[in-house]
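First up is the structure itself, then whatever we jot down about it.
Along the sequence shown, residues are numbered consecutively beginning with 1.
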Amino acid sequence: ISNLTIDASCTIEATPENSPEGHFGGLVAYHKGLIKNCHNNANITITGNWTVSPRIGGVVGRIVGGDIEGCTMIADIQDDANFVSNQTIYVGGVLGSSTSTSGDVKNSTMFGNITVSNGIKATGQSYYVGGVAGMFRGGSVIGCANGSADVVPTMTITTTAEGFKQAYVGG
């Protein structure tokens, strides 16, 4: 997929109904190929009762090989009061999570904010939140940024959710 832009007038909701396996991205849920020069300008709201680990990304939900190049997220990712998960939560500005030892994220940037104020309702689960990637297992992150000199995004997690174990947060 290349040269695709999601307009800011779009409304995107990440729900367990439209993502039964937990993979949700502004452009692609589950990725193995090449995504190049794609941009998401639409806010994403996470809602609903998730029984699987939500892997929410501004561009890609989950990568299992393949590359993301020159992509941007120029909007916010936030949950609402109805968001609940009994599993670990992964949220990233460009990529929700990588579960492969291959696959690169290159020259991609997050310009929005991430807010998770609800969520975990099972003992021992964690939050992984990042400006570029919520969790990145393998491959390389090259030339990526969380904002710019003019735009400084924030990552906010409210850790009062019952059963909360740990939070891993990074730009």
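- Ring geometry for W50 versus F83: interplanar angle over 60°, hence perpendicular rather than tilted (30 to 60°).
- Of the possible polar contacts, none joining the N37 side chain to the S2 backbone as a donor-acceptor pair under 3.5 Å is found.
- Listed here is the closest heavy atom pair of E21 and V52: C-CG2, 3.7 Å.
- Within the 3.5 Å criterion, the main-chain N or O of T88 finds a donor-acceptor partner in the side chain of S53.
- More than 12 heavy atoms of other residues, nucleotides or ligands lie within 6.0 Å of CD in Q166, so this atom counts as buried by the packing criterion.
- Heavy-atom minimum distance, G57 versus I44: O-CD1, 3.7 Å.
- Shown here for F136 and G103, the closest heavy-atom pair between the two residues is CZ-O, 3.4 Å.
- Pairing each heavy atom of V116 with each of V129, the nearest pair is CG2-CG2, 4.5 Å.
- Atom OG1 of T99 is separated from atom CZ of R62 by 3.0 Å, given to the nearest 0.5 angstrom.
- Here CG of N49 is found 10.0 Å from CG of N82. Values are rounded to the nearest 0.5 Å.
- Linking Ile, Leu, Val, Met, Phe, Trp and Tyr whenever their side-chain heavy atoms come within less than 4.5 Å puts L4 and I12 in one cluster.
- Transitive grouping of hydrophobic side chains (ILVMFWY, heavy atoms separated by less than 4.5 Å) brings L27 and M110 into a common cluster.
- The minimum heavy-atom distance linking P54 with S85 is given by the pair CD-OG, 3.5 Å.
- Y90 and V132 sit in two unconnected hydrophobic clusters of ILVMFWY residues. Membership requires side-chain heavy atoms under 4.5 Å apart, directly or through other members.
- Between Q87 atom CD and T51 atom OG1 the span is 7.5 Å, to the nearest 0.5 Å.
- Rounding to the nearest 0.5 Å places CE of M73 at 10.5 Å from CD1 of I6.
- Put simply, the residue from T115, V91, D80, I114 that forms a side chain to side chain contact (heavy atoms under 4.5 Å, CB included) with I46 is V91.
- For the residue pair S102 and S100, a side-chain donor N or O sits within less than 3.5 Å of a side-chain acceptor on the partner.
- Put simply, the side chain of D76 never gets that close to the backbone of N43: no donor and acceptor are under 3.5 Å apart.
- The side-chain heavy atoms of I89 and Q125, taken from C-beta on, include no pair separated by under 4.5 Å.
- In this structure, V28 is a member of the same hydrophobic cluster as V141, with clusters built from ILVMFWY side-chain heavy atoms closer than 4.5 Å.
- One hydrophobic cluster, built from ILVMFWY side chains closer than 4.5 Å, cannot hold both Y30 and V59; they sit in different ones.
- D104 contributes a side-chain N or O that, together with a main-chain N or O of S140, makes up a donor-acceptor pair within less than 3.5 Å.
- In this structure, OG on S19 lies 6.0 Å from CD1 on I56, to the nearest 0.5 angstrom.
- A donor-acceptor contact shorter than 3.5 Å links the side chain of S108 to the backbone of C71.
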**OP:** Run the numbers on H31 and L95 for side chain to side chain contact (heavy atoms under 4.5 Å, CB included), then give the verdict.
**Re:** CA-CA 10 Å; H31 172 57; L95 170 66; over 6 Å; no
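- Between P16 and T47, the shortest heavy-atom distance links the atoms CD-O, 3.4 Å.
- Of the possible donor and acceptor atoms, none in the side chain of H23 sits under 3.5 Å from a partner among the backbone N and O of V60.
- Taking CD from E69 and NZ from K36, the interatomic distance works out to 5.0 Å, rounded to the nearest 0.5 Å.
- Inter-residue side-chain proximity for V94 and C144 is flagged as unmet; no heavy-atom pair is nearer than 4.5 Å.
- With hydrogens and angles left out, the side-chain atoms of T5 and H39 include no donor and acceptor closer than 3.5 Å.
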